[in-house]
There are 2 protein chains.
Amino acid sequence: MIEDSRKILSEHSVSITNPRILVLEALLEFGNPITIDELQSKLKGAVAKSTLYRVLNDLKKIKILNEFTSPDNSTVVELILEDHSHHHHLFCSDCGEVIDVELSEEFETMLNKEIENVQKKFNFEITDHRVEMFGLCTEECSNCK
Amino acid sequence: MIEDSRKILSEHSVSITNPRILVLEALLEFGNPITIDELQSKLKGAVAKSTLYRVLNDLKKIKILNEFTSPDNSTVVELILEDHSHHHHLFCSDCGEVIDVELSEEFETMLNKEIENVQKKFNFEITDHRVEMFGLCTEECSNCK
DNA sequence: AAATAAATGAGACTTATTCTCATTTACTGT
DNA sequence: ACAGTAAATGAGAATAAGTCTCATTTATTT
């Protein structure tokens, strides 16, 4: 995992430092979208708060980190790995879990057509989009038991 | 507009107070999603900051206000009126404008099917969803000129 | 291994949102 | 219309997420 982290950093010509490795490792290990709070507690104080935010900004700058706000207003962060294809998010309003969801090809194709239309209609250049779903996890969610 | 505001409040059995009327009027008049900053400046100090937030929370509680976070992390708020049908949002990353967008029936039908599948797959009860698009407005946006 | 630029830690600072509490306002029954 | 009561408000203090400062440490280049 350390080697993965080093590799990621050097591939993006970002200097390899301890805090960056620790943050990347934590993100890689968790493997799912994670709130900054959770990330902080996984790091157990090993990285200063200011540094954590700086590292996250660095990762955003090199486009390997996605950041969004969950319905309960906490900031959620997620690594974008090469093998991690286009996907969307499902939020549990109860436990706060965020799950990656892939939707069907046909759906994505249709969504792209819709986006085309919106671009024309509003004279916009649309660069990105996001589908979010909210609800309650039932039996299977480990957090809500 | 005052009468609309009073009506909205009484229909939801919420007591009719000046700050609530002022906030509703501002939202009705603007007619589009608006940041809290903009809303505050429209109110020109007529409503105390703490009261503004309380009123917004009241409106959320009675489900006539939608709140979300724009890509530049400002909080955006929008009235949900009866005649205001299901729609999504288009954000300009340059000027911060938020535009309501309706997508085609076929798309929504297909999205609902996808949601059905996600519900089954993850054993979730999905209660809501949202499609967000990000980009840059070109000629037509009044804010970006 | 030295020189230099970049990154870090610690804590101050900023700013959005919530909270507290004394005062005011809206609603109820008479 | 009026008094009584509960709810809402204003003003500013408190909280908390995120940024900034600056002196020190670390990574990288030579």
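Here is the naming used below: chain letters follow the sequence lines, and residue numbers restart at 1 for every chain. Please read these numbers as outputs of a predicted model, since none were measured by experiment. The analysis underlying the following values was restricted to heavy atoms, covering all of them including side chains, and did not include hydrogens, waters or symmetry mates.
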Would you state whether a donor and an acceptor, one from the side chain of B/Ser50 and one from the base of D/dA11, lie under 3.5 Å apart? yes

Closest nucleotide of DNA chain C for B/Glu67 versus for A/Val47: which of these residues is on the 5' side? A/Val47

Same apolar cluster: A/Val98 and A/Leu103, side chain cutoff 4.5 Å: no

Does A/Thr51 make a side-chain donor-acceptor contact with the base of C/dA7, cut-off 3.5 Å? no

Under 3.5 Å, is there any donor-acceptor pair linking the side chain of B/Lys49 to the base of D/dG10? no

Rounded distance (Å) that lies between atom P of D/dG10 and atom CG of B/Leu43: 11 Å

side-chain contact (heavy atoms from CB on, under 4.5 Å) with B/Ile34: of B/Leu79, B/Val77, B/Thr75, only one passes, and it is B/Val77

Can you tell me the distance, in whole Å, between the CD1 atom of A/Ile36 and the C1' atom of D/dG18? 8 Å

Given the side-chain rings of A/His84 and A/His86, with only the six-membered ring counted for Trp, is the space between their centroids under 6.0 Å? no

Does a distance-only test, which skips hydrogens and angles, find a donor-acceptor pair under 3.5 Å between the side chain of A/Arg54 and the base of D/dG18? no

Within this structure, what is the CG-to-P distance between B/Leu52 and D/dA8, rounded to whole angstrom? 16 Å

In whole angstrom, give the distance that lies between atom CZ of A/Arg6 and atom C1' of D/dT28. 13 Å

Side-chain N,O (B/Tyr53) to OP1/OP2 (C/dT18) below 4.0 Å: no

Can you tell me the distance, in whole Å, between the NZ atom of B/Lys61 and the P atom of D/dA7? 12 Å

Looking only at the side chain of B/Ser15 (C-beta and beyond, no hydrogens), which of the listed nucleotides D/dT9, C/dA6, C/dC27 gets closest? C/dC27

Using 30° and 60° as the class boundaries, would you call the ring planes of B/Phe134 and B/Phe91 parallel, tilted or perpendicular? parallel

Once you round it to whole Å, what is the distance between P of D/dA8 and CG of B/Leu24? 14 Å

Please determine if a side-chain N or O atom of B/Thr17 lies less than 4.0 Å away from the OP1 or OP2 oxygen of D/dA8. no

Please classify the nucleic acid contact of B/Ser74 as base, sugar-phosphate, or nothing, using heavy-atom distances under 4.0 Å. nothing

Consider only side-chain heavy atoms of I, L, V, M, F, W and Y, link residues closer than 4.5 Å, and tell whether B/Leu136 and A/Phe122 are in one cluster. no

Whole angstrom is fine here: how far is it from CG in B/Leu22 over to C1' in C/dT25? 14 Å

Just to be sure I understand the rule, does B/Asn57 reach a base, reach only the sugar-phosphate, or reach nothing, if contact means heavy atoms closer than 4.0 Å? sugar-phosphate

Between CG of B/Asn73 and P of C/dT15 the distance, given in whole Å, is 15 Å

